[in-house]
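One structure is given below, encoded as structure tokens.
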Amino acid sequence: MTFSLHQHGIHVTRVLRNPAPAILYEEALAHHEHGTALSSTGALIARSGDKTGRSPRDKRVVAHERINDDIWWGPVNTGLSPESFQSLRQQAVDHLNTCPRLYVVDGFAGWDPRYRVRIRVICERAYHALFMHNMLIRPSAKELEQFGEPDYVLYNAGRASANTDLPGVNNPTSVSLCFLRGEMVILGTEYAGEMKKGVFTLMNYLMPRQDVLSMHCSANEGDDGDVSIFFGLSGTGKTTLSADPRRRLIGDDEHCWSDRGIFNIEGGCYAKVVNLDPEAEPEIHDAIRFGAILENVVFDPRTREVDYSDTSITENTRCSYPVEHIPNAKIPCTGGQPQNVIFLTCDAFSVLPPVSRLTPAQAMYHFISGYTAKVAGTEVGVSEPQATFSACFGAPFLVWHPTRYAQLLAERIRRHQVRVWLVNTGWTGGPYGVGRRMPIAHTRAIIDAIHSGDLASAQTVEDPVFGVQVPTRCPGVPEETLIPANTWSDAAAYRETAARLARLFHENFEAYADQASPEVLDAAPRIPEG
């Protein structure tokens, strides 16, 4: 249907509001959007232009005295003046007014009606409209009729470059958010993920104001209604381990935890598809059908079959699809109070145990730390692992100080007697180059034992460096694997590596120590002497 955007200063005549996916397919193909094609499985293939990933250094948050005390200012949240934002918004509106057609997607963020936020996306590419049709919660016909004015408006004018003469605008790419006005402006990037994470950032601001914890995590539910949430940075197994055919998927990436339980923020999933294996990840593979978007993939122009191993465009190949494309998805995407919180880390130093149980204070410490270790490139030989820390397992999207989210987490852990686990999906028997990657079968056995309750009643020993409680037995996992020191052939090398990782934790936490409680500071790893 044609829709008026006059209230937003946009006067384009042809505006399609919430068009069906089939119409958006036709629009994208008819107007020759860059790189658009149909895949052999019925998904829409799209290209995001020069930007094939997010541009976190170009994100800006509008400063205002009414919210300045709420914001964790610094590299994650760089300030922008209201005047510069207004100029960027006007630039976006002016660009959108030159377009022959525009698309509007009105939808919700948050499956719990008490907390859901009305989002309006205005864009010029059909691919972007289909992406947000997937990622927002799709309103029914009646809900759309009664939608009213949105709480938050996203202006996507990504084909236009930002004016770098404006104070605070350093690059042609600009992603700016004004919480006071409830607006977001995108210029200089056509990467669809900016819209998704812009909405998440908004929720990361709004939800803690209502004492609701917003989280960068996946969540699933067992047959008895038991809920688990999985935190973890890229490469730790968050998506893979939460996609359990024996449990219902609540969501794969963004959730909130209220006094009623868990609810997904999104209406879809945005999965990595590099080297996608239909046997290892059948749910994701089978979700790539009509209505899904394959982003920046390489395909055979004759057969339209996608080569998921080809990273010549980018390693960040992605697929967006509605959550109902997953056969065991739980609709509505809500759950009760979690029984288990699982922090996933890929420790390439081979120091952290395969599984350990955390106290509430330790949970806060590790949540604020957000640790994993990445393996450096090996083109010139074996390189040492690189420790990576991302506060709350999602620092680029935080708005409040990390301790605010950690406090909300600790309150819920204590109130609902939630068990918190640290699961290492990384190396065993020595660091990268010496040991080996933890077998996925062992990690799945650990997750199963968490869900069955076997680990909750298992005997434990205290890790001498990290102070966490380590189970001495786990069904399906060799006992000698559970204690990292026992898997190293060189005991002295283990102690040295453990001390080094402990120091890295301490150095990282210095940025948060001034706002952390003594209890949390005491949960830090102990640096061995000598």
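Everything quoted here is computed from the prediction, not taken from an experiment.
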**OP:** Assert yes or no for the condition that the ring centre distance of F505 to Y371 is strictly below 6.0 Å.
**Re:** yes
Subject >> Aromatic Y191 / basic K51 pairing, under 6.0 angstrom, 45° off normal >> reply: no
**OP:** List the steps and the verdict of salt bridge (Lys or Arg N to Asp or Glu O under 4.0 Å) for D253 and K238.
**Re:** CA-CA 8 Å; D253 195 49; K238 175 165 62 81; 3.1 Å; yes
Original post:
How long is the span from the CD1 atom in I262 to the OG1 atom in T334, to the nearest 0.5 Å?
Top reply: 10.0 Å
Original post:
Do any N or O atoms from the side chain of N424 and from the backbone of L344 form a donor-acceptor pair under 3.5 angstrom?
Top reply: no
**OP:** Determine, for R526 against E462, whether the closest basic-nitrogen to carboxylate-oxygen distance falls under 4.0 angstrom.
**Re:** yes
Subject >> Side-chain (S369) to main-chain (Y365) donor-acceptor, under 3.5 angstrom >> reply: yes
Original post:
Where the side chain of Q417 meets the backbone of R415, is there a donor-acceptor pair that is under 3.5 Å apart?
Top reply: no
**OP:** For the pair T317 (side chain) and V274 (backbone), establish whether a donor and an acceptor sit closer than 3.5 Å, ignoring hydrogens and angles.
**Re:** yes
**OP:** Could you grab the distance from atom CD1 of I229 to atom SG of C217, nearest 0.5 Å is fine?
**Re:** 5.0 Å
**OP:** Decide salt bridge (Lys or Arg N to Asp or Glu O under 4.0 Å) for E295 and R47; before the verdict, give the C-alpha distance in whole Å, the side-chain angles of both, and the deciding distance to 0.1 Å.
**Re:** CA-CA 6 Å; E295 196 174 43; R47 293 280 294 274; over 6 Å; no
**OP:** Kindly say whether G370 contributes a backbone atom to a donor-acceptor pair with the side chain of S390 at under 3.5 angstrom?
**Re:** no
Original post:
Is it true that a side-chain atom of Y270 and a backbone atom of Y321 form a donor plus acceptor pair closer than 3.5 Å?
Top reply: no
**OP:** Specify the closest pair of heavy atoms between G235 and C346, including all atoms of both residues, with the distance to one decimal.
**Re:** O-CB, 4.1 Å
**OP:** Give a yes or no on whether the backbone of L398 and the side-chain of N77 come within a donor-acceptor separation of less than 3.5 Å.
**Re:** yes
Original post:
Using the ring of each side chain (for Trp, its six-membered ring), is F200 parallel, tilted or perpendicular to H216, with breaks at 30° and 60°?
Top reply: tilted
Original post:
Quick one: which of R473, Q469, R357 gives a side-chain hydrogen bond (donor to acceptor under 3.5 Å, both in side chains) with T460?
Top reply: Q469
Subject >> Under 3.5 Å donor-acceptor, H401 side chain and D70 backbone >> reply: no
Original post:
So how far is it from H416 NE2 to W257 CH2, rounded to the nearest 0.5 Å?
Top reply: 6.5 Å
**OP:** Give the minimum heavy-atom separation between L276 and H285, together with the two atoms involved.
**Re:** CD2-CA, 3.9 Å
**OP:** Enter the distance from L409:CG to I413:CD1 here, rounded to the nearest 0.5 Å.
**Re:** 3.5 Å
**OP:** Measure the CG-CD distance between N204 and E254 for me, rounded to the nearest 0.5 Å.
**Re:** 8.0 Å
Original post:
Between D211 and R404, is there a side-chain N and carboxylate O pair less than 4.0 Å apart?
Top reply: yes
Original post:
Counting heavy atoms not belonging to Q210, are there more than 12 under 6.0 Å from its CD?
Top reply: yes
Original post:
Under 30°, 30 to 60°, or over 60°: which ring-plane class applies to F343 and F393, parallel, tilted or perpendicular?
Top reply: tilted
Original post:
Do Y494 and W488 have their ring centres less than 6.0 Å from each other?
Top reply: yes
Original post:
Does the distance from a Lys or Arg side-chain N to an Asp or Glu carboxylate O, for E221 and R248, drop under 4.0 Å?
Top reply: yes
Original post:
Got more than 12 heavy atoms from elsewhere within 6.0 Å of CG, D50?
Top reply: no
Subject >> Any D300 side-chain heavy atom under 4.5 Å of D307 side chain >> reply: no
Original post:
With no hydrogens and no angle check, is any side-chain donor or acceptor of D347 less than 3.5 Å from a backbone partner on L352?
Top reply: yes
**OP:** Test F367 against every option in F509, F389, F231 by the ring pair (Phe, Tyr, Trp, His ring centres under 6.0 Å) rule and name the one that passes.
**Re:** F231
Subject >> Under 3.5 Å donor-acceptor, R247 side chain and D226 backbone >> reply: yes
